[in-house]
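Just so you know, ligand 1 is whichever comes first in the structure, and atom 1 is the first atom listed for that ligand. Basis for what follows: all heavy atoms, side chains included, without hydrogens, waters or symmetry-related copies.
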Amino acid sequence: MLESLKSQFGFDSFLPLQEDIIANVLSSRDSLVLMPTGGGKSLCYQLPALSLSGITLVVSPLISLMKDQVDALRANGIASEYINSTLAQTEIARIESQAKRGQLKILYVAPERLASPRFGDFLAGLEISLIAVDEAHCISEWGHDFRPDYRNLKSLRHKFPDTPIIALTATATDRVREDIVAQLGIEDARQFVSSFNRPNLTYVVQRKRNSFDTILELIRRRENESAIIYCATRKATEELAERLSDNDVKALPYHAGLERVLRSETQEKFIRDEINVIAATIAFGMGIDKPNVRLVVHQDLPASLERYYQETGRAGRDGLASDCVLLYSYGDRALQEFLINRSEDEVERANALEKLDLMVEFCELRTCRRRYLLEYFGDDRWSGDCDACDVCMSTPEQFDATVIAQKVLSAVIRTEERFGIGHISGVLRGANTKRIRQLGHDELSVYGIVDDYSDEGVREVAELLIDKGLLAKRGAEYPTIAVTPEGRSFLKSRENLSLTRLSRMPEHDVQQHGSDLDYDPSLFEKLRSLRSRIALERDVPPYVIFSDAALGQMAHYYPQSRGNFARISGVGDVKLEQFGEAFLSVIVTHAQLHRLREGTVPAKASRGRRRSSRRKGPTHDFIRDLVRQGRSIGEIAEDRGLSQRTIIKHIEALVEEEEQLDIDYLMPEEDRITRVRDAFEQTGGHYLAPVRKLLGDDYSYEEINLVRIRMAQDR
Ligand code: ADP
Ligand code: ZN
């Protein structure tokens with residue numbers, strides 16, 4: 001099996017459960033497989049299909065996915081076809097006769113076909129060795145995605161009593177699971193349930209502020225990579241896509257209100273890497289299987305954790321590190337609530353509100369988000385370390401909160417405990433608003449007594465005081481803040497108070513790219529364009545040629561012989577034959593130009609599942625040496641064949657790792673440094689984009705980034 005895994009698919013080892021499932025299938029038993037997206041479900045029927053004598057029939061609900069799957073199989077030289085309503089009659093006839101002659105190993109069909117008696121006759125004339133039912137939850141009315149056509153599958157067991165069935169899905173409650181098994185008549189199926197943890201995804205919840213700048217910055221950090229930005233409304237998707245385009249990001253909107261043709265064109269462009277970003281409503285995602293989405297952002301609060309898990313799940317299917325960032329603001333709950341309250345059905349409304357509350361709770365967590373998510377889904381199979389949510393990645397920081405706490409508590413009391421945090425913060429910070437004037441709160445002694453905290457900062461303190469039990473929130477809809485008896489006694493006692501806040505790790509700890517290898521980005525880019533070119537010629541999506549993981553390995557090990565190249569993950573016999581030469585020639589040329597040595601690809605260069613937060617490697621060492629020699633960024637970039645920006649990111653990482661690195665000679669003039677510093681302070685964060693916006697084109701990203709490094713050194 002391992003031999004066939006490598007020669008046919010180019011992989012060296014199995015992902016969890018794959019081997020057991022395949023063994024079960026090959027022993028002619030039925031199977032039910034529950035695995036998260038990216039778990040590697042397809043291989044569980046595709047690999048057995050190759051060693052079985054007859055044909056494997058795959059039922060799949062999504063027409064667009066069928067084609068991509070078949071393209072991917074064919075690229076590995078596996079004889080496969082699909083039959084659905086998009087094909088002409090003559091084409092179908094051709095495929096049918098191929099199947100009858102035993103020339104196909106895998107045949108994908110849409111479920112509605114199975115209702116046709118003619119198609120039934122055709123199937124009856126074939127030797128069917130295995131039946132795979134993909135997205136099996138579609139068979140259940142209890143599921144979220146019921147498809148009436150899936151009821152046709154009931155007949156399969158009767159028509160093919162001796163053929164093993166494998167049903168696969170990424171989402172199924174116990175009830176749906178029972179339903180699948182009963183409907184398909186596979187009561188004795190062995191059930192394989194894997195953990196729903198997605199170890200390669202990083203979960204980050206960030207307070208929403210300048211959401212456009214944040215999004216732009218997140219995207220810019222992942223040049224040429226794919227991202228999905230989920231928005232709450234159609235209009236928002238269009239506005240966002242337009243603003244991104246204005247900023248030279250290749251982005252398009254996607255929502256249910258757009259023409260069908262336009263929608264599928266957009267989807268296609270995304271899959272083929274012609275655009276990098278989709279700004280979408282929840283309508284986007286079902287029909288897409290793109291493995292290398294590196295970033296999913298929620299610009300607005302999702303309606304439920306189910307949604308959130310599903311939508312973030314579209315990141316990193318290929319197992320490489322990817323990020324999920326949710327931008328959260330206190331006010332977002334109200335919009336969702338408004339949408340929910342439009343429903344007439346009272347029970348439905350109550351349910352939806354309950355789900356929304358849990359979603360909000362998730363956003364406000366001060367404990368591991370991954371754990372919360374998995375516990376919510378009842379996943380008790382995970383018992384790992386997270387290391388990859390914003391809470392786990394942050395470091396607790398104690399600070400003296402005596403004075404600010406006194407001020408916040410006094411303001412709550414002076415305003416008679418009738419207002420929310422936002423208003424309290426406005427009063428304390430001396431906001432000059434109509435509402436504050438109307439209420440006469442600008443006359444209070446607490447008006448404008450805080451100037452050392454931002455709005456965000458005051459809110460954070462208030463949240464911490466709630467956690468401490470000195471303040472309490474009342475009411476769910478528009479919560480007001482009250483002082484508890486403990487709060488009052490704290491005020492009286494005049495004791496000191498220290499609070500602990502979590503401070504986020506610097507942003508570059510969220511990965512720059514998916515691979516866990518420290519690869520050479522300029523070579524990666526060259527390989528990426530070669531991949532696109534070949535994909536275009538063959539009219540298939542680029543990932544069908546090679547995965548990002550494969551390119552990452554090539555750009556790390558610089559394999560320069562066929563033998564070494566063959567060891568790259570995803571390089572099977574057919575791909576070696578068809579693409580080996582083209583890719584090798586790019587690698588060899590690049591290596592000669594930059595005097596790079598070939599590394600030996602380890603026999604088990606498995607896909608880079610886990611993120612490694614602090615990547616170190618040859619590039620790192622190299623850059624450190626060059627900086628110590630006093631070389632300019634431009635020179636280093638040229639020497640190494642990297643962009644200036646990447647060099648600066650490396651330097652930043654070195655400084656963060658507390659390396660003693662003298663970068664004075666790289667710094668701009670003193671007055672420019674001062675301006676950039678001021679801009680960082682004004683924009684209240686460490687993000688580059690807002691600073692750039694404030695300063696204008698006269699200051700480059702590189703320059704701003706260098707000043708940020710200096711600021712980190714000074715801390
Ligand atoms: P799912 O259908 O469960 O979402 P896929 O079958 O699409 O998952 O597989 C996800 C990704 O993992 C694909 O890019 C696939 O090529 C890759 N993959 C599957 N099995 C292996 C393996 N044994 N080793 C390395 N990569 C694998
Ligand atoms: Zn965590």
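Of the options Asp68, Asp318, Thr169, Val33, the smallest heavy-atom separation from atom 14 (O) of ligand 1 is shown by Asp318. In this comparison of Ser13, Ser194, Ser42, the heavy atom closest to atom 6 (O) of ligand 1 sits on Ser42. Between Phe14, Tyr45, Tyr543, Phe11, it is Phe11 that holds the heavy atom closest to atom 22 (C) of ligand 1.
Taking 4.0 Å as the cut-off between side-chain N and carboxylate O, Lys290 and Asp273 count as a salt-bridged pair. Note on Asp520 versus Lys526: no salt bridge recorded, every NZ/NE/NH1/NH2 to OD/OE distance being 4.0 Å or above. Asp548 has a carboxylate O that lies under 4.0 Å from a charged side-chain N of Arg294, or vice versa, which qualifies the two as a salt bridge. In summary, Glu525 and Arg528 engage in a salt bridge, as defined by a charged side-chain N under 4.0 Å from a carboxylate O.
Residue Ser547 places every heavy atom at 4.0 Å or more from ligand 1.
Under a 4.0 Å criterion applied to the non-hydrogen atoms of Pro36, ligand 1 contributes the atoms 3 (O). For ligand 1, the atoms lying closer than 4.0 Å to a non-hydrogen atom of Thr37 are 4 (O). Each of the atoms 1 (P), 2 (O), 4 (O), 7 (O), 10 (C), 11 (C) of ligand 1 lies under 4.0 Å from some heavy atom of Arg317. Each of the following atoms of ligand 1 lies closer than 4.0 Å to a heavy atom of Gly39: 3 (O), 8 (O).
Surrounding CD of Gln191 are more than 12 heavy atoms belonging to other residues, nucleotides or ligands, all under 6.0 Å away. When the shell of 6.0 Å around NZ of Lys67 is examined, it contains more than 12 heavy atoms from other residues, nucleotides or ligands.
Angle SG(Cys389) to the Zn ion (ligand 2) to SG(Cys386): 110° [nearest 10 degrees]. Vertex the Zn ion (ligand 2); arms to Cys392 atom SG and Cys368 atom SG; angle 100° (nearest 10°).
Using bins of under 30°, 30° to 60° and over 60° for the plane-to-plane angle, the ring pair Phe579/Phe583 lands in the perpendicular bin.
With contacts defined as side-chain heavy-atom distances shorter than 4.5 Å, the pair Tyr543/Ile271 qualifies.
Polar contact check, Pro291 against ligand 1: no nitrogen or oxygen pair lies under 3.5 Å apart. At under 3.5 Å, a nitrogen or oxygen of Lys41, whether backbone or side chain, sits near a nitrogen or oxygen of ligand 1.
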